[in-house]
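A short write-up of the structure that comes next.
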Amino acid sequence: MQKTFLTFGLILSTLLCFSQSNPAILAWLQNTTKTGSYYVAGNSTKINNNILVNCQKVQYSANWVYVSTKGIPAYPTGPFQDGNPSQASDQNAIFKISLNPNKNNGTPSPTTGGNIGIFINGVALFDYRDGVAWNTNTNALCGGPGNPPCPGGPNASQSWNRDAVLAERPGFDCSKGHPAMGNYHHHQNPSAFKLDSTVISTVCNLYDADGLYVINPVQHSPLIGFAYDGFPIYGAYGFKNADGTGGIVRMKSGYQLRNITVRTHHADGTDVPDGPTVSSSYPLGYFREDYEFVSHPGQPDYLDVHNGRFCVTPEYPNGIYCYFATVNAKHNSAYPYIVGPTFYGTVTGSKVTSISESVTTYNAVPGFLNVTPDSVMIPSSQNNSGSFNISSNVTWAVSTNQPWLSLNKIAGYGNATISLTTEANPASTPRTAVITISSTGLTTKYVKVIQADSVMLFLNASVDSITLVASENAMANFEITSNTSWAVSSDQIWLTSDKMNGSGNATIFLEAQANTVNSPRSAELTITGVGTGSKIIFVTQLDSTITYTTSKGGNYKITVFPNPSYDLIAIQIGDLVKEDFQAALHDATGKILRLTQINAGQTIGYLDVRTLYDGIYFIKISNGLISKTEKVIIKR
């Protein structure tokens, strides 16, 4: 098996040299037609800024990717209610990011004020600071708007440096961003305040926006940007273990607030000029030096001093060092927020004025990745085999989590058949392996492989979970693969199966009554085999949430609420939206009454129904190729 894994590494490394497989080229949200919007204080109506949103061009060479952008997000910006006179303005920028990032084996480079990276929508990334510090000579704040300059100028080191995320919260917009001299940027996780588990800002109440992505605690967060050392940045959640196992967990900062009441020393014990005493005016956390790093050995979901770790992700199945946008259990931003206070890698990225080498332009095309079947049953003896098929138009990688299962291919492009070979199962119980099929920018696929025990009695179901829609007579089916007798039972009266017992292989059809409550409900379906034990299938019946599979192979959960409604209907798309959607409200004759657009990089749209009559209507949600329709009721 060692030879197999070495071969896998060589093949995957070769594939990553091709442009089609490098996430640093593929990840950017591109747009050349849609323009952005902003709010001004006191007016909740968005104003068009006539500036293109997201990224306009992606070009690359063997070593670099160049991202041309105006620096404007698809979500509305502003207002900035702390006296900031700026609006987000056209940056006409070119960001240069390494395609071959390297660890810095010397003294780590500290992050600096200003740009330290870029999000996939072209918006700039800043670190924790805001340019304000404590002048220990005058015992007052210095630097930044409204304060005298700090000793030594804006780039000089001070003993106590202010944390922008805490101190400037009143000036952040709904998406947790603000401009510096027109350069709109995020210091922190770029999801909207209103989507946090505990909301700590009311700015979204009047000036609604959605941010770059929605945190989903049961799904690996998306790739959201790249730091100036070339390493990727992910959202708040990832695999618990660095090898991609352990389920999905919140990635945790290794930093914590110090137990201090006076500011006389740094966390490492260095005696420094005194800062202000901890108080309501200068609370703990007001300065970056109020934090200390605490290592957590044996806890892989805690990050290192740079706020990252080396790990497997959906885009990097072979592993890479990654930063994470850290949040606490309430989903409020957690220091050091994204990158810092030092970089992990060698800092080579920057904002440039021109490109001085030969480059290729990357034109994004819809990709897809599908596998069939999603489970394979293999007998217990040596060298037994099975297979599954990949249907795709992109580069992909395949890996297994068990050494007793061998694959004939571990990476490739386009359609393929993957053959599986097993060692003998010496145990008296079946064993399971999971095969992961991944491609940058697309939903990762999984195939479960079940090898029978040495007794040769086996019972398996083709799925371990089923999701049903809310409507009456909602149906689904699954396959039983077995060589023994079995019985099927449900623990809920609203869920029934067409077969209660049988033997050998069979297809089982399920039917559910309508779910009339405003939340999903669950049932357990138990399949009990003679001499094999039981299998449980977890069944969830949805409420009004729509699961939408797009032309690019992504899965979105779309929630239409409130339903019934009498004034505004919201269409909320979970996770990071990578393609444009349109939501159209129809009456029973099919006439379109209202339209709203949800563009790539946004997550929510609204339909104003205040002037419509009570009755039944239909919302059609479409990306131009695939559509879903949801019934809504207007009732006053």
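Start at 1 with the first residue, then count along the sequence. If you're wondering where the values come from, they're calculated on a predicted model, not measured in any experiment.
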Quiz item: For the residue pair F95 and Y66, is the inter-centroid distance of their aromatic rings smaller than 6.0 Å?
Solution: no
Quiz prompt | Stepwise ring-ring contact (aromatic ring centres under 6.0 Å, His included) test for F239 and H220 | solution = CA-CA 7 Å; F239 299 123; H220 196 293; 4.8 Å; yes
Quiz item: What closest approach, in Å, do L284 and I260 show between heavy atoms, and which atom pair accounts for it?
Solution: CD1-CG1, 3.6 Å
Quiz prompt | Interatomic distance, Q188 atom CD to R169 atom CZ [nearest 0.5 angstrom] | solution = 8.5 Å
Practice problem: Please round to the nearest 0.5 Å and tell me the distance separating atom CD of E168 and atom NE2 of H178. | Solution: 4.5 Å
Quiz item: Does the side chain of Y606 come within less than 4.5 Å of T596's, by heavy atoms?
Solution: no
Self-check item: Donor-acceptor pair between E289 and N161 side chains, under 3.5 angstrom
Solution: yes
Exercise. Grab the two heavy atoms, one from P317 and one from P314, that are nearest each other, plus how far apart they are.
Key: CD-O, 4.1 Å
Self-check item: Approximate separation, where rounding is to 0.5 Å, of C311 SG and D301 CG
Solution: 11.5 Å
Quiz prompt | Test item: side-chain donor near acceptor, E292 and Q256, under 3.5 Å | solution = yes
Practice problem: Quick one: list whatever passes salt bridge (Lys or Arg N to Asp or Glu O under 4.0 Å) with K46, sequence neighbours left out. | Solution: none
Quiz item: Measuring from T198:OG1 to K330:NZ, what's the distance to the nearest 0.5 Å?
Solution: 5.0 Å
Practice problem: Please name the pair of heavy atoms, one in D271 and one in H265, separated by the smallest distance, quoted to 0.1 Å. | Solution: CA-CD2, 3.5 Å
Quiz prompt | Check: N100 main-chain N/O paired with S98 side-chain donor or acceptor under 3.5 Å | solution = yes
Quiz item: Are a donor atom and an acceptor atom from the side chains of N216 and S221 found within less than 3.5 Å of each other?
Solution: no
Quiz item: Taking side chain as C-beta onward, heavy atoms only, is V40 less than 4.5 Å from Y38?
Solution: yes
Quiz item: Can you find a side-chain donor-acceptor pair between D268 and T270 that sits under 3.5 Å?
Solution: yes
Quiz item: Less than 4.0 Å between a side-chain N and a carboxylate O, is that true for D210 and K194?
Solution: no
Practice problem: Report the C-alpha distance between Y184 and D173 in whole Å, list the side-chain angles of each, state the deciding distance to 0.1 Å, and finish with yes or no for side chain to side chain contact (heavy atoms under 4.5 Å, CB included). | Solution: CA-CA 11 Å; Y184 185 80; D173 61 17; 2.8 Å; yes
Self-check item: D130/R162 ion pair, N-O < 4.0 Å
Solution: yes
Quiz item: Just by modelled atom types, is the N54 backbone N or O under 3.5 Å from a matching donor or acceptor in the Q56 side chain?
Solution: yes
Self-check item: Heavy-atom closest contact (I558 atom, I571 atom, distance)
Solution: CG2-CG2, 3.6 Å
Practice problem: Mind running side chain to side chain contact (heavy atoms under 4.5 Å, CB included) on H306 and Y321 for me, showing each step along the way? | Solution: CA-CA 11 Å; H306 314 288; Y321 185 87; 3.3 Å; yes
Practice problem: Please round to the nearest 0.5 Å and tell me the distance separating atom CG of N147 and atom SG of C142. | Solution: 7.5 Å
Quiz item: Is the side chain of Y207 donor-acceptor paired with the backbone N or O of G42 at a distance under 3.5 Å, no angle test?
Solution: yes
Practice problem: Kindly say whether the aromatic ring centers of W28 and F119 come within a distance under 6.0 Å. | Solution: no
Practice problem: Would you check, one step at a time, whether the test side chain to side chain contact (heavy atoms under 4.5 Å, CB included) holds for Y344 with N104? | Solution: CA-CA 6 Å; Y344 170 82; N104 181 0; over 6 Å; no
Please set out all donor-acceptor pairs under 3.5 angstrom arising from side-chain atoms of residues 72-83, sequence neighbours excluded.
| unit_1 | atom_1 | unit_2 | atom_2 | d |
| --- | --- | --- | --- | --- |
| Y75 | OH | N121 | ND2 | 3.3 |
| Y75 | OH | H186 | NE2 | 2.8 |
| D82 | OD1 | N84 | N | 3.3 |

Quiz prompt | Which residues share a disulfide bond (SG atoms under 2.5 Å apart) with C174, sequence neighbours left out | solution = C204
Self-check item: Beyond-backbone contact of Q158 with P151, side-chain heavy atoms, under 4.5 angstrom
Solution: yes
Quiz item: Heavy-atom distance under 4.5 Å between the side chains of N135 and C150, does that happen here?
Solution: no
Practice problem: Could you pull out all residues at least two apart from Y446 that satisfy ring-ring contact (aromatic ring centres under 6.0 Å, His included)? | Solution: none
Exercise. Report the residues that fulfil ring-ring contact (aromatic ring centres under 6.0 Å, His included) with Y337, sequence neighbours left out, ordered by chain and then residue number.
Key: Y335
Quiz item: Can you name the nearest heavy-atom pair linking V272 to S159, along with the distance?
Solution: CB-OG, 4.0 Å
Exercise. Give the intermediate values and the outcome of salt bridge (charged side-chain N to carboxylate O under 4.0 Å, His left out) for residues R288 and D127.
Key: CA-CA 11 Å; R288 170 260 179 274; D127 72 358; over 6 Å; no
Quiz item: Do W160 and D274 have side-chain heavy atoms sitting under 4.5 Å apart?
Solution: no
Quiz item: Nearest 0.5 Å, what's the CG-CD1 distance between L212 and I120?
Solution: 5.5 Å
Quiz item: Taking atom types as modelled, is there a side-chain donor on N115 or N183 under 3.5 Å from an acceptor on the other?
Solution: yes
Quiz item: Does one side chain, of T348 or Y228, offer a donor that lies under 3.5 Å from an acceptor on the other?
Solution: no
Quiz item: Should the heavy atoms of other residues, nucleotides or ligands under 6.0 Å from NZ of K34 be counted, would the total exceed 12?
Solution: yes
Exercise. Decide whether S333 and N189 meet the rule of one side-chain donor and one side-chain acceptor closer than 3.5 Å.
Key: no
Self-check item: Donor-acceptor pair between D304 and Y323 side chains, under 3.5 angstrom
Solution: no
Practice problem: Without swapping roles, check the side chain of R250 against the backbone of H331 for a donor-acceptor pair under 3.5 Å. | Solution: no
Quiz item: Between T245 and D243, do the side chains contain an N or O donor and an N or O acceptor separated by less than 3.5 Å?
Solution: yes
Self-check item: Result of checking N599, I598, N31 against D580 for side chain to side chain contact (heavy atoms under 4.5 Å, CB included)
Solution: N599
Quiz prompt | Ring geometry between F126 and H185 (parallel below 30°, tilted from 30 to 60°, perpendicular above 60°) | solution = parallel
Quiz prompt | Check against side-chain hydrogen bond (donor to acceptor under 3.5 Å, both in side chains), N48 and T35 | solution = CA-CA 7 Å; N48 194 303; T35 56; 3.2 Å; yes
Quiz prompt | Sequence neighbours excluded - ring pair (Phe, Tyr, Trp, His ring centres under 6.0 Å) pairs with any residue from residues 134-157 | solution = W134-Y282
Quiz item: Should P232 and I320 count as side-chain neighbours, where that means a heavy-atom distance under 4.5 Å?
Solution: yes
Quiz item: Are the side chains of K351 and Q91 in touch, meaning some heavy atoms are under 4.5 Å apart?
Solution: yes
Self-check item: Pair D90 + K70, salt bridge at N-O below 4.0 Å
Solution: yes
Self-check item: Criterion side chain to side chain contact (heavy atoms under 4.5 Å, CB included) on V165 and D163, from CA distance to verdict
Solution: CA-CA 6 Å; V165 172; D163 186 304; 3.4 Å; yes
Exercise. Identify the two heavy atoms, one from S109 and one from V347, that lie closest to each other, and give their separation to 0.1 Å.
Key: CB-CG2, 4.1 Å
Quiz item: Just wondering, do D290 and R263 contact through their side chains at under 4.5 Å, heavy atoms?
Solution: yes
